[in-house]
Amino acid sequence: MIKKLISFACCIVCFTTLAQEKPLRIAVHHPISLSDNVNNIDGIVGANIKYNIYESPIITLGASYTIDYFRNAEIRNVFKVKNNAFFNHLDFYSEFKLPGMLKLHPYVSLGYTLLYDSFESTANDFTYGENDMPFQSNEKTTDSSHGANLKLGLSYDITSVIFIQSYYQYLKLFGKEVYYEGIDEDVTYNQLMLGVGFRF
């Protein structure tokens with residue numbers, strides 16, 4: 001009986017050691033906007049860090065932080081408006097292990113999103129008339145909004161250290177200020193991420 005308990009304890013220790021062997025993952029990705037909304041933005045680059053909190057033979061649970069950078073420039077009336085958008089995500093994720101497909105890992109995550117926007121507007125080839133009132137030709141402003149996000153993704157192990165990943169992300173921001181509209185409304189974003197990462 002004692003030998004069995006010792007063997008069982010050794011198995012648990014070995015499993016825990018293996019589960020925590022490489023609990024940290026860092027990845028970079030290219031974000032692609034699938035939405036066409038009031039503040040149209042194009043994805044530039046993103047990065048995330050994940051840490052496994054719990055691991056079993058069938059599921060891994062953990063927490064992650066992701067930052068995505070989007071930008072856009074467009075003409076609105078007599079102004080050219082540049083928008084830099086930084087999406088910050090704090091998530092909890094569940095990653096699943098498929099029997100017979102140990103290199104493929106589907107996962108789902110849910111979390112909190114904080115969006116930080118910076119806008120810069122400049123006069124676009126505008127000439128004053130004699131009776132025109134002067135106006136501010138350069139203006140900078142910032143705002144932030146928050147909401148929730150849902151991710152559905154897949155990662156594939158190239159080696160024990162390198163992996164590739166892709167995931168779909170749905171964002172719902174509550175009471176986001178619509179620039180130049182003077183109103184607040186709920187705004188949704190649909191995004192696709194393609195990237196590569198490393199385990200540590």
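The first residue in the sequence is number 1, and the count goes up from there.
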Note, P31 side chain near I44 side chain (heavy atom, < 4.5 Å): no
For residues M193 and Y112: do they belong to one hydrophobic cluster (side chain heavy atoms under 4.5 Å, members Ile, Leu, Val, Met, Phe, Trp, Tyr)? no
What is the distance from atom CG of D91 to atom CD of Q169, rounded to the nearest 0.5 Å? 7.0 Å
Measuring from S144:OG to D117:CG, what's the distance to the nearest 0.5 Å? 9.0 Å
Could you tell me which non-hydrogen atom of G147 sits nearest to which non-hydrogen atom of L173, and how far apart they are? N-CD2, 3.8 Å
For residues Y167 and Q165, determine if any side-chain heavy atom of one lies less than 4.5 Å from a side-chain heavy atom of the other. yes
So, is the end of the K50 side chain (NZ or CZ) under 6.0 Å from the ring centre of Y93 and within 45° of the ring's axis? yes
Partner set under side chain to side chain contact (heavy atoms under 4.5 Å, CB included) for A148, not counting sequence neighbours: none
To the nearest 0.5 Å, what is the distance between CG (N88) and CD1 (I67)? 4.5 Å
Just how far is it from atom CG of L115 to atom NE2 of H146, taken to the nearest 0.5 Å? 11.0 Å
Would you please name every residue forming a ring-ring contact (aromatic ring centres under 6.0 Å, His included) with F70, sequence neighbours left out? F87
Among the clusters formed by ILVMFWY side chains lying less than 4.5 Å apart, do Y170 and F174 turn up in the same one? no
S56 backbone acceptor or donor facing K97 side chain under 3.5 Å: yes
Contact check, side chains of I162 and V196, non-hydrogen atoms, under 4.5 Å: yes
Does L102 belong to the same Ile/Leu/Val/Met/Phe/Trp/Tyr cluster as Y107, with side-chain heavy atoms less than 4.5 Å apart forming each link? no
Please list all pairs passing the salt bridge (Lys or Arg N to Asp or Glu O under 4.0 Å) test where one or both residues lie in residues 156-173, with sequence neighbours left out. D157-R199
Does one side chain, of Y65 or N48, offer a donor that lies under 3.5 Å from an acceptor on the other? no
Does F86 have any ring-ring contact (aromatic ring centres under 6.0 Å, His included) partners at least two apart in sequence or in another chain, and if so, which? Y69
Taking side chain to side chain contact (heavy atoms under 4.5 Å, CB included) as the criterion, tell me which of T66, L194, L192 meets it with H29. T66
Would you say the side chain of F96 lies within less than 4.5 Å of the side chain of I58, judging by non-hydrogen atoms? no
Are any non-hydrogen side-chain atoms of N72 and N84 less than 4.5 angstrom apart? no
Please step through side chain to side chain contact (heavy atoms under 4.5 Å, CB included) for the pair I59 and S94, ending with a clear verdict. CA-CA 7 Å; I59 193 172; S94 298; 4.2 Å; yes
Rounded distance (nearest 0.5 Å) linking atom OG of S109 with atom NZ of K151: 4.5 Å
I'd like to know whether T188 forms a side chain to side chain contact (heavy atoms under 4.5 Å, CB included) with L171, so could you lay out the CA-CA distance, the side-chain angles of the two residues, the decisive distance to 0.1 Å, and finally the verdict. CA-CA 5 Å; T188 61; L171 304 176; over 6 Å; no
ring-ring contact (aromatic ring centres under 6.0 Å, His included) involving F198 - partner list, sequence neighbours excluded: none
K103 NZ/CZ over F163 ring centroid, <6.0 Å and within 45° of normal: no
When you compare the side chain of F92 with that of L61, does any pair of heavy atoms fall below 4.5 Å? no
Nearest 0.5 Å, please: how far is CG in D143 from OG in S118? 9.0 Å
Applying salt bridge (charged side-chain N to carboxylate O under 4.0 Å, His left out), can you list everything that pairs with D42, at least two apart in sequence or on another chain? none
So, are E55 and K22 salt-bridged, with charged N and O less than 4.0 Å apart? no
May I ask you to check whether N149 and T113 show a side-chain donor-acceptor distance below 3.5 Å? yes
Tell me, do L154 and L104 make a side-chain contact under 4.5 Å, heavy atoms counted? yes
Does one side chain, of H89 or D68, offer a donor that lies under 3.5 Å from an acceptor on the other? yes
